[in-house]
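Working notes, beginning with the structure itself.
All heavy atoms count here, side chains included; hydrogens, waters and symmetry mates do not. Labels below follow one simple rule: chain letters A, B, ... track the order of the sequence lines, proteins then strands, and each chain is numbered from 1.
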Amino acid sequence: MTYDIQVFVTLKEGVLDPQGNAVQTSLTRLGYDGVQNVRIGKKMDIRMESEPEKVESDVREMCEKLLANPVIEDYEYTIEEALSV
Amino acid sequence: MTYDIQVFVTLKEGVLDPQGNAVQTSLTRLGYDGVQNVRIGKKMDIRMESEPEKVESDVREMCEKLLANPVIEDYEYTIEEALSV
Amino acid sequence: MKFAVIVFPGSNCDKDMYYAVKNELGEEAEYVFHDETSLDRFDAVLLPGGFSYGDYLRSGAIAQFSPVMEAVKKAAAAGKPVLGVCNGFQVLLEAGLLPGAMRRNKGLKFICKPVTLRTEENATMFTSEYKQGEMITVPVAHGDGNYYCSDEDYRILKENGRIVFTYTDDLNGSKANIAGILNESGNVLGMMPHPERAVDTLLGSADGLPLFRSIVANWRETHAVHR
Amino acid sequence: MPYIDEITPKTIETDKLYLDMGVTEDEFSRIQTILNRLPNYTELGLFSVMWSEHCSYKHSKAVLKKFPVEGDRVLQGPGEGAGVIDIGDNQAAVFKMESHNHPSAIEPYEGAATGVGGILRDIFSMGARPVALLNSLRFGELTNPRVKYLFEGVVSGIAGYGNCVGVPTVGGEVQFDDCYEGNPLVNAMCVGLIDHSDLQQGIAKGTGNPVLYVGAGTGRDGIHGATFASEELSEQSESKRPSVQVGDPFTEKLLIEACLEAVRHPQLVGIQDMGAAGLTSSSAEMASKAGSGIHLNLDDVPQREEKMTPYEMMLSESQERMLLVIEQGSEKEFTDLFERWGLQAKVIGEVTDNQRMTLSFQGDTVADVPVDSLAEDAPVYHPDSVEPERFRAFQAAGQPNLTAEDPEEILLTLLQQPTIASKEWVYEQYDYMVQTNTVVQPGSDAAVLRMRGTDKALAMTTDANSRFLYLDPYTGGQMAVAEAARNLVCSGAEPLGVTDCLNYGSPENPEIYWELERSTDGLSEACRALNTPVVGGNVSLYNETAKGAVYPTPVVGMVGLIDKLDHITTQTVKNAGDAVYSLGKAGNDFAGSELQKVTEGRIYGPAPTFDLAAETERQTKVLTAIRKQTVQSAHDISEGGFAPALAEKLFSSGLGVDVTLTQSESLTASLFSETPSRYIITVREEDRERFEKLVPEAEMIGRVTETPQCMIRGNDGTPLINRSVQELENVWRGAIPCYLKSED
Ligand SMILES: Nc1ncnc2c1ncn2[C@@H]1O[C@H](COP(=O)(O)OP(=O)(O)O)[C@@H](O)[C@H]1O
Ligand SMILES: [Mg+2]
């Protein structure tokens with residue numbers, strides 16, 4: 001089976017986000033003064049061939065090992081069957 | 001009103017994604033040989049005070065002006081009323 | 001004494017490290033590529049700076065899975081001195097040999113310049129040739145040098161004298177201005193500043209040389225006893 | 001999906017589709033004559049890129065012929081990837097400069113980054129190890145938000161690429177002027193080192209020898225077909241097509257190491273990078289130089305996108321790719337070599353003996369054209385040239401008479417002008433130390449790199465004050481070369497050779513073409529006088545927006561040799577008590593000066609009088625004095641004049657100065673005029689006699705002081721400027737960060 005996986009990696013709450021802060025400042029400067037908070041994370045789109053019973057554990061493992069650094073980051077994911085291959 | 005906005009910025013189709021390629025190679029080497037493609041983009045969580053009739057046009061403008069570079073990037077967003085403020 | 005200089009794809013301070021050991025220190029050095037699996041023939045291991053695997057995803061993230069890293073872990077467990085500089089430090093963090101993680105510099109810009117470091121701890125195998133509290137000038141060159149660790153980890157580092165170098169001001173946002181830390185057993189040092197770039201006054205500073213000399217001196221001492 | 005061959009040669013002709021590819025009526029009929037038939041779509045694509053200004057220099061060939069290209073030390077002049085100059089002991093310096101202006105205007109980070117990537121490949125394709133990068137940048141005024149965005153993006157793009165590949169970025173220049181607002185200039189220069197025996201050429205000889213494609217896959221990036229072509233080619237909307245390339249410095253780093261290993265392989269025949277016009281120009285030029293032909297099978301080209309057409313593959317400008325020709329039978333050795341570095345290498349064709357470029361795709365021959373017609377036979381144009389009205393007006397205007405009522409205020413203002421202010425904000429983002437050879441770091445007149453294992457060093461700089469070129473292209477052109485040489489001399493180096501990057505507006509405008517002609521006359525003459533042949537360079541035309549063209553900006557990149565490490569000299573004063581000398585008299589030269597810009601808001605008038613013979617003589621004397629070790633510090637006087645130059649000498653030194661102006665005619669000129677060919681030099685007391693013998697023209701004006709105070713007195717001894725060095729340094733260092741932080 002082919003899957004379309006989305007992984008979202010974000011900085012843990014409490015870990016300062018210098019990039020997010022910079023974007024927030026810039027947005028405010030551009031006149032969007034309603035902006036209260038910006039946090040920047042990563043979105044990864046992965047297309048993967050796998051078995052239905054294995055795909056989720058594989059994704060979780062990939063996140064733990066490589067895609068996120070558990071010291072500072074959290075992750076979430078969604079798994080869908082690929083529509084067109 | 002307070003909104004929770006998510007902006008996703010991804011490289012346009014056809015634009016080289018060295019980061020995605022490197023992650024793909026690394027995942028394959030780690031034994032996930034079903035991985036066929038990886039593209040890496042950004043996810044931004046923005047909390048913003050705005051008017052219901054203005055919020056969407058503001059977000060679109062912010063994307064065009066600052067959050068994405070339309071020459072090489074596409075963007076998508078979701079807008080929700082913030083649950084707890 | 002024989003030093004291994006680890007070369008990952010994308011390492012770019014490997015030669016600088018090699019010359020520092022070979023030419024300035026006068027010890028043996030050899031490049032060891034990322035796909036090698038044994039470091040048994042070496043007395044010490046150096047992980048140089050650069051952009052291993054382009055530093056894509058996170059600095060040092062992909063390099064932690066290089067075959068040679070198993071050998072680095074083994075060398076560390078065996079008590080051999082392991083020094084990671086800049087990207088080498090980032091790899092050690094990602095590999096879990098040192099606690100904490102690196103984020104983008106607070107100012108979001110790459111910073112290249114000589115900085116003043118305070119030697120917080122001279123009772124280590126890497127700093128015994130410095131005076132306690134000695135101020136030294138060593139260059140930095142990094143974009144992701146903003147050191148983070150949990151408050152608990154910080155307390156442990158602090159209480160055990162494992163914070164070896166600090167910046168004298170807030171250079172990049174690092175917790176408590178940390179520039180270099182040790183592992184629990186004291187034989188793995190990670191630091192963002194580049195001692196290998198400070199081994200010749202012609203280039204501005206030779207303050208990094210005592211660090212390498214410390215490694216050699218301590219090694220000589222222990223090995224004299226054992227023989 | 002419709003293929004290109006659905007656009008028949010006949011359609012191209014009747015619908016004049018060639019015009020959309022930038023091929024003129026004349027050029028189209030010339031192509032028909034060459035082929036003796038109508039070109040098909042792919043063939044027309046080949047001609048359109050090879051005959052483009054960028055590849056063929058059709059509007060600039062005539063002026064480039066004037067440059068002196070020969071000299072005792074020249075091992076390779078213009079024509080290859082980069083120029084090569086002998087530096088003794090069987091070593092050579094390889095260097096080249098190139099522009100990436102237009103991509104940087106659209107996507108500053110990637111535009112600048114890929115500019116660095118491209119210039120690096122020019123150097124290592126010659127077989128040389130890149131040892132240094134420099135960059136010459138021009139932007140609009142820093143008060144404009146878009147300019148700030150471009151400036152920040154360009155600098156971080158240069159940093160992002162150069163730092164990752166591990167080649168130090170050691171110098172350059174940044175200037176700001178309105179004329180660059182919509183069209184910034186981003187010129188990157190690279191310097192490499194090589195042993196003579198390793199020199200390579202981009203050449204495809206030996207019938208039957210395989211053609212090897214190495215590096216990143218080919219994508220649709222950089223195909224400048226925002227024209228009809230691409231629209232007809234696919235259903236996808238044009239907006240999905242990237243018009244700028246994204247760089248991958250990690251792959252480039254692997255390419256550097258792998259190619260430097262490959263060039264030492266005895267069975268390598270030729271190597272060239274795929275730069276502008278990618279596969280087309282590299283293959284055509286390599287075959288043309290060898291007098292051979294070349295056949296490529298496009299089905300074998302590594303592709304990273306699906307369903308690419310021959311046209312797209314041939315015109316793609318995907319980055320980090322190289323083309324090699326190797327001896328038959330060595331295929332496996334080379335593919336193994338590259339695979340060891342994690343790079344793909346694939347045989348995609350062979351050298352033929354028919355002097356034609358033939359391309360096959362899915363069993364068909366999709367192009368068959370004479371190789372020389374692509375590489376050599378592009379038309380050469382001699383556009384009309386007309387002296388602009390403004391030039392006559394500037395000449396007639398005479399030097400403006402400016403008076404600085406409050407010299408201290410003026411000095412503070414000048415030190416904060418972005419063009420004069422510290423560029424630390426820029427170069428702190430560059431790893432200028434990696435490879436541990438950078439002896440003189442950014443911040444002095446020229447960067448200096450030691451050469452490991454020798455007692456020698458290389459000095460390098462880029463220069464061009466385009467304001468003077470705008471006022472008077474001929475004199476300004478001479479001054480640009482002279483300034484570069486002067487900066488090297490101040491560092492203790494003998495200037496050896498030049499690479500240039502000629503940035504102008506549209507050559508089809510006769511006044512712009514006149515600028516190009518006159519300024520290259522000036523450059524050529526100065527290069528002759530200073531014995532610095534031009535060994536390579538690049539031309540970037542059409543740098544203009546609706547608001548007009550950029551100033552004529554021929555950037556001069558120069559490399560010099562320092563015989564002995566002991567001769568390395570910097571601009572900063574060294575010891576309290578040293579004598580301060582000024583060399584060269586200040587005239588009333590205010591036209592084009594920073595003072596004029598600041599006080600009058602615009603520049604006008606004739607360029608300063610410039611005496612090439614005096615310049616040359618003075619340079620020789622200063623260099624001799626440095627080599628005889630009589631000089632502690634040396635700095636040339638450029639933007640802002642004497643007072644800013646003197647202040648710059650004090651920054652970071654912890655010392656001060658107390659000098660008295662001896663000239664009586666105009667204090668303002670003494671302090672702020674920009675008369676060329678001048679220096680400020682400091683000398684130890686015990687060396688004064690020897691120094692004065694060597695440079696009799698130099699005039700002692702005061703001393704370096706222990707107190708960090710900048711004291712400049714009028715000839716009667718009254719203080720004109722008396723400020724703490726710290727205060728001056730603070731405004732100078734803070735200016736650029738301050739512009740970038742401010743909101744408007
Ligand atoms: N874009 C840049 N990149 C790197 N270094 C730069 C850049 N711009 C300026 N510098 C450095 O700042 C110093 C001052 O530059 P500049 O004022 O142009 O000197 P000069 O007038 O002597 O040519 C030089 O050392 C130069 O190399
Ligand atoms: Mg200068």
Side-chain angles (χ1 to χ4, degrees), chain A residues 1-11 13 17 19-52 54-55 57-68 73-79 82 85, chain B residues 1-11 13 17 19-52 54-55 57-68 73-79 82 85:
Chain A
M1 296 277 289
T2 307
Y3 295 92
D4 276 334
I5 296 147
Q6 294 203 321
V7 176
F8 303 99
V9 177
T10 48
L11 279 175
E13 225 179 288
D17 177 9
Q19 255 169 308
N21 294 348
V23 169
Q24 180 176 348
T25 313
S26 304
L27 286 174
T28 313
R29 222 193 259 175
L30 283 173
Y32 305 101
D33 31 28
V35 175
Q36 294 169 349
N37 192 28
V38 180
R39 303 277 291 174
I40 299 193
K42 290 176 203 148
K43 167 178 186 276
M44 313 186 192
D45 292 288
I46 302 176
R47 172 158 287 191
M48 184 165 100
E49 193 76 46
S50 187
E51 307 305 313
K54 230 173 81 144
V55 60
S57 68
D58 270 4
V59 171
R60 202 169 324 113
E61 224 179 71
M62 279 159 40
C63 289
E64 295 278 341
K65 268 200 198 162
L66 177 68
L67 303 180
E73 292 170 330
D74 290 325
Y75 63 87
E76 279 175 31
Y77 53 82
T78 63
I79 301 176
V85 185
Chain B
M1 297 277 288
T2 307
Y3 294 93
D4 275 334
I5 295 146
Q6 293 204 320
V7 176
F8 303 99
V9 178
T10 49
L11 283 173
E13 215 183 284
D17 180 6
Q19 178 158 235
N21 292 347
V23 170
Q24 180 178 344
T25 314
S26 182
L27 287 174
T28 312
R29 247 192 258 129
L30 283 173
Y32 306 100
D33 33 27
V35 175
Q36 294 169 350
N37 192 29
V38 179
R39 305 277 290 174
I40 300 190
K42 284 182 215 144
K43 166 178 187 277
M44 313 186 190
D45 292 288
I46 303 175
R47 171 157 288 192
M48 184 166 100
E49 194 75 47
S50 187
E51 308 304 313
K54 230 175 80 163
V55 60
S57 68
D58 271 5
V59 170
R60 204 169 323 113
E61 228 179 68
M62 281 158 42
C63 288
E64 296 276 341
K65 273 199 197 157
L66 182 74
L67 304 181
E73 292 169 330
D74 290 325
Y75 62 87
E76 280 175 30
Y77 52 82
T78 62
I79 302 177
V85 185

Calculate, to the nearest 0.5 Å, the distance between atoms CG and CE belonging to A:L27 and B:M48 respectively.
8.5 Å
Exceeds 12 heavy-atom contacts within 6.0 angstrom, atom CD of B:E64:
yes
Under 4.5 Å from a heavy atom of chain A, the part of B:Q19 involved:
neither
Could you go through the side chain to side chain contact (heavy atoms under 4.5 Å, CB included) check for A:V23 and B:L67 one step at a time?
CA-CA 8 Å; A:V23 169; B:L67 304 181; 3.5 Å; yes
A:V38 vs B:D45, side chain to side chain contact (heavy atoms under 4.5 Å, CB included): CA-CA, chis, key distance, verdict:
CA-CA 6 Å; A:V38 180; B:D45 292 288; over 6 Å; no
Could you please spell out the steps behind the side chain to side chain contact (heavy atoms under 4.5 Å, CB included) verdict for B:K43 and A:T10?
CA-CA 8 Å; B:K43 166 178 187 277; A:T10 48; 3.8 Å; yes
Select one option (side chain, backbone, both, neither) describing which atoms of B:L66 are under 4.5 Å from chain A's heavy atoms.
side chain
With chain A as the partner, which of B:M44, B:Q24, B:M62, B:E61 has the greatest number of non-hydrogen pairs under 4.5 Å?
B:M62
I want to check something: taking the side chain as every heavy atom from C-beta on, are B:F8 and A:Q6 in contact at a cut-off of under 4.5 Å?
no
Within this structure, what is the CG-CG distance for the pair B:N37 and A:D4, rounded to the nearest 0.5 Å?
9.5 Å
B:E49/A:Q36 under side chain to side chain contact (heavy atoms under 4.5 Å, CB included): CA gap, chis, key distance, verdict
CA-CA 7 Å; B:E49 194 75 47; A:Q36 294 169 349; 2.9 Å; yes
